[in-house]
Amino acid sequence: MEHLDPDRLVLFALSEEAEDAAESGHLARCATCRDELDTLRTVTGLGAETHDLRDLPPPPEQIWQRIEADIAEPVRQQKPSPVRRSRPRWLVPVLAAAAAAIVAVAGTVAVDRFAGRAPAETVTARATLAPLATVPAAAGGTVRVLSDGEMRIGVRNLPLTTGFHEVWLIDPDDLTKMVALGNLPDQGDSVLPVPPGIDMNQYRLVDISDEPHDGDATHSGRSLLRGILTE
Amino acid sequence: MDRDDQLAERLRSGDEKALRLAYDRHGAAVLYLAQRLLGNRADAEDVTQLTFVAAWAGRDSFDPQRGTILGWLLGIARRKAIDRMRSAARDDRLVETVRSQVAPAEEAERPERVVDRLVVADELGRLPEEQRRTLELAFFDDLTHPQIAAVTGLPLGTVKSHIRRGLANLRRRWEVDGGTFGSRSAGPLRAL
Ligand SMILES: [Zn+2]
């Protein structure tokens, strides 16, 4: 028995042409051609349904930030404390610069102090801070980098600390490269200066850590919130 | 398919940038599937997050022989979404609001069909330009072969072979990655 021409089956599947008597007779007798036509109908039906899928919006950045924070965690935990002290050599001047900048503004400055200022600021980058897996899900925050080199940080529901919360900029491609920006009050907004000369395209992972008062200027390894700066 | 192979290779070697690429490429499809299955955005976002984190943790178990990265991700997402529905159903029993929650679930589409559609959409996007264009004119604009020939300026015989080959490509992909057949590629990841 000769089967139906594949091109004819395609036309039937697309409902472009109907079977003639001989063809429907064959389809009634031949399971192979019937199955073939069924499959083609399913595929063309699915194809027609893909119309709405062509313009799906790009996946949200904030979900990626949560993914990134989750997968970054094991790296964080791998860092035992002795390693913390062997800070990469290149990092020293940057940290020194950051420390100087922090001293210059005497730690955290409450945002209220800026409330009276003209709102002529431009946001050059922003990030949504999401809690790491060990941190209560209600914790979070937002970061805005302003064109004048300041970073505005708002956090909420951070876990209590016996030490302090510190803000870091980290290279997401190499989690050992980081710069400390300053520390935060437990709630509310604060403003920190971004040390000049920092490449924000490289150091675009914002990290809020829980730091003990141990006099050690390096990252404690206990990150609470993270987010990626985007334009 | 080359791009997918390279991505798979990089992912398996532990390159985090490859996960980002996979997210850029397939995150929208994963989120769409989760949203269709769960019917709410917050749960869909959680499932999308869980899917990519699980994919990262289980990257060694991805087998390019068994399907594409998209098919693999959709398989994980489907299981995560079903877990979420089950735990929601458990919670509902606790607060005795099962009845009010059942209605939307009944209207939800079969997961297999949503996966099938996403996989076919992805394959359509990968077809050679002329094949894709002729199929789109047939699917979306409901044009006949001669009309497509007129619109595109292609000879009728070329339109015919583009459509036949294009459909064959969609079908092959659907058979490899689709939800109906996809239980094959879901096997080794059940633990995720
Ligand atoms: Zn036959």
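Residue numbers start from 1 in every chain, and the chains themselves are labelled A, B, ... in the order their sequence lines are given, proteins ahead of strands. The analysis underlying the following values was restricted to heavy atoms, covering all of them including side chains, and did not include hydrogens, waters or symmetry mates.
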Toward chain B, the part of A:Leu53 with a non-hydrogen atom under 4.5 Å: side chain

Enclosure of B:Arg165 CZ (heavy-atom neighbours >12, cutoff 6.0 Å): no

Set of residues satisfying side chain to side chain donor-acceptor pair (under 3.5 Å) with respect to B:Gln65, sequence neighbours excluded: none

Pairwise side-chain contact, A:Pro60 with B:Thr48, heavy-atom cut-off 4.5 Å (strictly under): no

A:Leu11 versus chain B, the contacting section by heavy-atom distance below 4.5 Å: side chain

Greater than 12 external heavy atoms within 6.0 Å of A:Gln202's CD: yes

Contacting region of B:Leu135 [heavy-atom separation from chain A under 4.5 Å]: neither

Heavy-atom pairs under 4.5 Å with chain A, option from B:Asp46, B:Val30, B:Thr51 with the top count: B:Asp46

Most chain B-contacting option - heavy-atom pairs closer than 4.5 Å, from A:Val43, A:Leu46, A:Leu56: A:Leu46

Reference residue B:Trp56; test side chain to side chain contact (heavy atoms under 4.5 Å, CB included); the match among A:Asp70, A:Ile67, A:Ile71: A:Ile71

Residues 15-24 of chain A: residues contacting chain B (heavy atom under 4.5 Å, by number): A:Glu16

Check: A:Leu14 and B:Ile163 side chains under 4.5 Å, non-hydrogen atoms: yes

For the student: nearest non-hydrogen atoms of A:Thr50 and B:Phe140, plus distance: OG1-CZ, 3.3 Å

Check: A:Glu68 and B:Arg20 side chains under 4.5 Å, non-hydrogen atoms: no

Enclosure of B:Arg133 CZ (heavy-atom neighbours >12, cutoff 6.0 Å): no

Among B:Lys160, B:His145, B:Arg164, side-chain hydrogen bond (donor to acceptor under 3.5 Å, both in side chains) partner for A:Asp7: B:Arg164

Part of B:Tyr23 within contact of chain A (heavy atom distance under 4.5 Å): both

Residue among B:Leu19, B:Leu31, B:Val119 with most heavy-atom pairs under 4.5 Å to chain A: B:Leu19

Reported CG-to-CD distance for the pair B:Asp24 and A:Glu61, which is rounded to 0.5 angstrom: 7.5 Å

Atom pair NE2/CG of A:His51 and B:Leu124 - distance to nearest 0.5 Å: 10.5 Å

Part of B:Leu50 lying under 4.5 Å from any heavy atom of chain A: neither

Separation between CD of A:Glu49 and CZ of B:Arg113, rounded to the nearest 0.5 Å: 4.0 Å

A:Ile63 versus B:Gln49, closest heavy-atom pair with distance: CG2-N, 4.0 Å

